[in-house]
Amino acid sequence: MNGAESLIRTAAAGGVEVCFANPGTTELPLVAALDAAEGIRAVLGLFEGVCTGAADGYGRMADKPALTLLHLGPGFANGIANLHNARRARSPIVNVIGDHATWHRAADAPLTSDIASLARPVSGWIHEVRSPMAIGIDTAEALAAAGRFPGKIATLIAPSDCQWSESAGPAGRIEIAPPLSAPDNAIEKSAAVLRAQGAKCTLFLGGLATRERGLRAAGRIAAKTGCRLMCETFPARVERGGVMPAVARLPYFPEQAIEVLGQSGAVVLAGARAPVAFFGYPNFPSELIPKGVAVETLAAPEEESAAALEALAEYLGAKTDAPPSSAQRPGLPSGKLDPTTIGAAIAALMPADCIVMDEAATTGLPFFGASLGAPPHTYLALTGGAIGQGLPCATGAAVACPDRKVIAFQADGSGMYTLQALWTHAREQLDIVTLICNNRRYRILQVELARAGITEPGRKARALTSLAEPEINWSELARGMGVPAVRVETAEDLCAHLGRAVKERGPSLIEMML
Ligand SMILES: Cc1ncc(C[n+]2csc(CCOP(=O)(O)OP(=O)(O)O)c2C)c(N)n1
């Protein structure tokens with residue numbers, strides 16, 4: 001058995017089910033091995049950012065790694081932005097990057113590059129296969145590294161001679177190191193703060209604390225102590241609706257975030273770092289928790305926050321679930337399309353158990369509040385600020401959860417970075433409704449210019465923040481990649497088409513003209 005087959009068989013035996021791939025000549029033994037060894041679905045992405053973003057969405061929803069298969073340094077580099085987002089989401093991923101044959105590197109052929117240096121900033125674990133005899137065990141190590149709580153990006157560089165040469169065969173699963181627990185005294189200290197501050201305390205949730213287990217425990221703590229529940233501005237995954245307690249989201253702009261957090265006497269962190277501003281602005285600090293507000297850490301992001309929340313609830317004698325949100329689902333909106341009517345339309349029509357991938361940027365803001373009373377659903381956000389994550393991440397979520405409807409709520413400017421994902425939606429017939437917010441601009445940058453006092457941008461500043469001239473026709477782009485699409489101009493039309501799309505299966509796109 002050659003090295004490539006050992007790698008694939010080791011991954012399959014380790015529980016890997018999917019490989020998001022964009023291969024080249026140095027990965028062809030692995031491409032052939034995907035056929036030789038059963039068990040791993042091969043999904044082609046037409047740009048590496050689609051593959052890495054899909055692996056992120058898959059990891060967030062499946063809680064286990066997919067493989068990406070990428071072509072040397074340049075192919076990997078095309079995938080880095082979405083690996084950056086995945087690292088922020090703490091998603092488990094195993095990147096497999098083919099490299100030149102070990103003896104060919106000295107020739108400095110055109111595609112030769114320093115892959116490890118490109119991989120380092122986005123990888124929690126990197127290894128270069130040195131021999132075909134070691135490729136199985138190296139793959140098992142990569143899986144164990146990626147699977148370590150809460151999730152890591154492991155990058156395995158596989159020279160092509162190590163893939164095609166005779167190997168020692170597949171390796172067995174390597175035990176994954178157990179998660180770190182929160183320190184014992186964190187429970188007592190957090191309980192003391194919550195008891196003393198009551199409603200003046202914010203329980204700030206991030207990482208895996210916003211999954212069902214953590215949230216339900218947080219809800220019990222809120223019901224007992226009166227504390228406020230809040231999550232990070234851009235959470236990797238939040239379970240919402242149904243029995244989940246309502247969780248507010250930290251506002252984006254620092255002045256608003258500082259004001260909201262300043263209403264508390266103390267903040268207890270569970271699975272989250274103390275929040276910092278997205279950017280540095282003149283006259284604003286990096287830290288968003290104002291001085292004078294006490295900060296207590298129940299569990300760091302690398303620690304088992306859900307278990308710590310359960311232990312804290314127990315310690316406080318908090319046995320009663322938080323009452324479900326009393327928020328009502330909005331009625332069907334009418335009139336022109338704007339962030340409010342769009343948010344209401346999605347909240348009114350989204351089906352139970354759907355997954356919403358929100359990269360809708362400024363158009364998306366009202367949706368989180370509007371959907372407080374929506375049926376149970378999972379919410380995914382752009383974690384690392386590197387735009388172009390939404391359509392790929394929705395791809396991976398749909399592959400991980402084939403029985404759940406995925407709504408890709410997508411800003412137009414961000415969508416253009418990785419629109420090739422639509423082709424994968426069609427190729428794999430994924431159950432994804434893409435909702436494009438066609439506002440023909442980089443609106444957030446126009447808002448930021450105005451905030452910086454540039455209220456009359458010049459010709460070049462206008463050109464660099466406008467997507468008009470020529471206008472982008474998303475429905476034609478989608479149809480050209482095999483995704484049925486419509487364009488809507490009113491809230492009534494949006495409701496009619498979205499109502500239909502959520503009942504049908506398969507990919508579709510609705511282009512919303514703002
Ligand atoms: C990879 C990457 N490139 C560039 C940026 C800078 N950037 C942030 S938001 C944005 C434009 C967003 O426009 P759009 O997605 O259309 O949303 P809107 O602001 O119009 O709501 C840009 C270019 C970024 N965050 N990430």
Side-chain angles (χ1 to χ4, degrees), residues 47-54 56 76-89 118 121-122 233-234 249 251-254 276-281 336-343 346 356-370 380-394 407-422 434-452 454 457 460-475 477-478 487 509-514:
F47 173 67
E48 292 84 348
V50 173
C51 302
T52 54
D56 178 15
F76 180 77
N78 279 342
I80 285 179
N82 272 335
L83 289 173
H84 163 87
N85 291 321
R87 183 176 76 86
R88 291 286 179 199
L118 290 168
V122 290
T233 312
F234 298 110
R249 192 158 73 138
Y252 174 74
F253 286 117
V276 295
F278 211 80
F279 295 108
Y281 295 92
K336 69 179 179 43
L337 288 172
D338 61 27
T340 306
T341 52
I342 288 173
I346 303 172
V356 180
M357 171 62 234
D358 176 2
E359 197 189 44
T362 60
T363 308
L365 291 176
F367 168 75
F368 198 84
L380 310 176
L382 169 61
T383 43
I387 58 177
Q389 181 244 13
L391 299 176
C393 199
I407 297 176
F409 186 20
Q410 183 62 53
D412 54 353
S414 302
M416 283 302 287
Y417 287 67
T418 46
L419 78 167
Q420 306 91 329
L422 290 173
T434 297
L435 296 170
I436 297 290
C437 311
N438 190 339
N439 66 4
R440 299 169 295 287
R441 70 197 68 204
Y442 285 164
R443 183 163 167 244
I444 184 66
L445 300 190
Q446 296 178 343
V447 171
E448 290 279 28
L449 280 172
R451 277 165 55 83
I454 303 162
K460 292 174 196 168
R462 283 202 308 275
L464 292 182
T465 56
S466 166
L467 305 182
E469 300 156 33
E471 286 190 4
I472 296 164
N473 188 321
W474 273 90
S475 10
L477 289 173
R487 188 176 250 209
L509 181 142
I510 302 174
E511 180 181 24
M512 306 180 295
M513 304 304 289
L514 279 97

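Just follow the structure's listing: the first ligand is 1, and inside any ligand the first atom is 1.
- Side chains of T363 and N439 form a contact here, defined as non-hydrogen atoms less than 4.5 Å apart.
- Inclusion of I387 in the set of residues having an N or O under 3.5 Å from an N or O of ligand 1 is warranted.
- In this structure Y281 satisfies the side chain to side chain donor-acceptor pair (under 3.5 Å) test together with E448, sequence neighbours excluded.
- For A81, the closest heavy-atom approach to ligand 1 does not fall below 4.0 Å.
- Under 4.0 angstrom from ligand 1, the non-hydrogen atoms of S414 come from both its backbone and its side chain.
- In this structure, atom 1 (C) of ligand 1 has protein heavy atoms in its sub-4.0 angstrom surroundings.
- The contact set between ligand 1 and R443, taken as ligand atoms under 4.0 Å from a residue heavy atom, comprises 18 (P), 19 (O), 20 (O).
- The backbone N or O of I387 sits nowhere less than 3.5 Å from a side-chain atom of E359 that would complete a donor-acceptor pair.
- Of the N and O atoms on the side chains of Q410 and T434, not one donor lies less than 3.5 Å from an acceptor on the other residue.
- Tested against Q446, the residues R441, R451, R462 include a single side-chain contact (heavy atoms from CB on, under 4.5 Å) partner, R441.
- Considering both main-chain and side-chain atoms, A411 never comes within under 3.5 Å of ligand 1 through any nitrogen or oxygen pair.
- Per-residue contacts place R441 under 4.0 angstrom from the following atoms of ligand 1 (heavy atoms of the residue considered): 16 (O), 20 (O).
- Taking any N or O of Y442, backbone or side chain, none lies under 3.5 Å from an N or O belonging to ligand 1.
- Contacts with ligand 1 closer than 4.0 Å are made by heavy atoms of both the backbone and the side chain of I444.
- For ligand 1 and A361, the ligand atoms under 4.0 Å from any heavy atom of the residue are 17 (O), 18 (P), 21 (O).
- Sparse packing is recorded around CZ of R88, with 12 or fewer heavy atoms of other residues, nucleotides or ligands lying under 6.0 Å away.
- Between F278 and Y252, the ring planes lie tilted relative to each other; the angle falls in the 30° to 60° range.
- Here the heavy atom of the protein found nearest to atom 25 (N) of ligand 1 is G385 O, 2.8 Å.
- With values rounded to the nearest 0.5 angstrom, N82 atom CG is found 10.0 Å from L391 atom CG.
- A386 and H84 make their closest contact through CB-CD2, 4.0 Å (heavy atoms, listed as atom of the first residue, atom of the second, distance).
- Of all protein heavy atoms, the one lying nearest to atom 21 (O) of ligand 1 is T362 OG1, 2.5 Å.
- Between G413 and ligand 1, at least one N/O pair is under 3.5 Å apart.
- Near Y417, the atoms of ligand 1 lying under 4.0 angstrom from a non-hydrogen atom of the residue are 3 (N), 4 (C), 23 (C).
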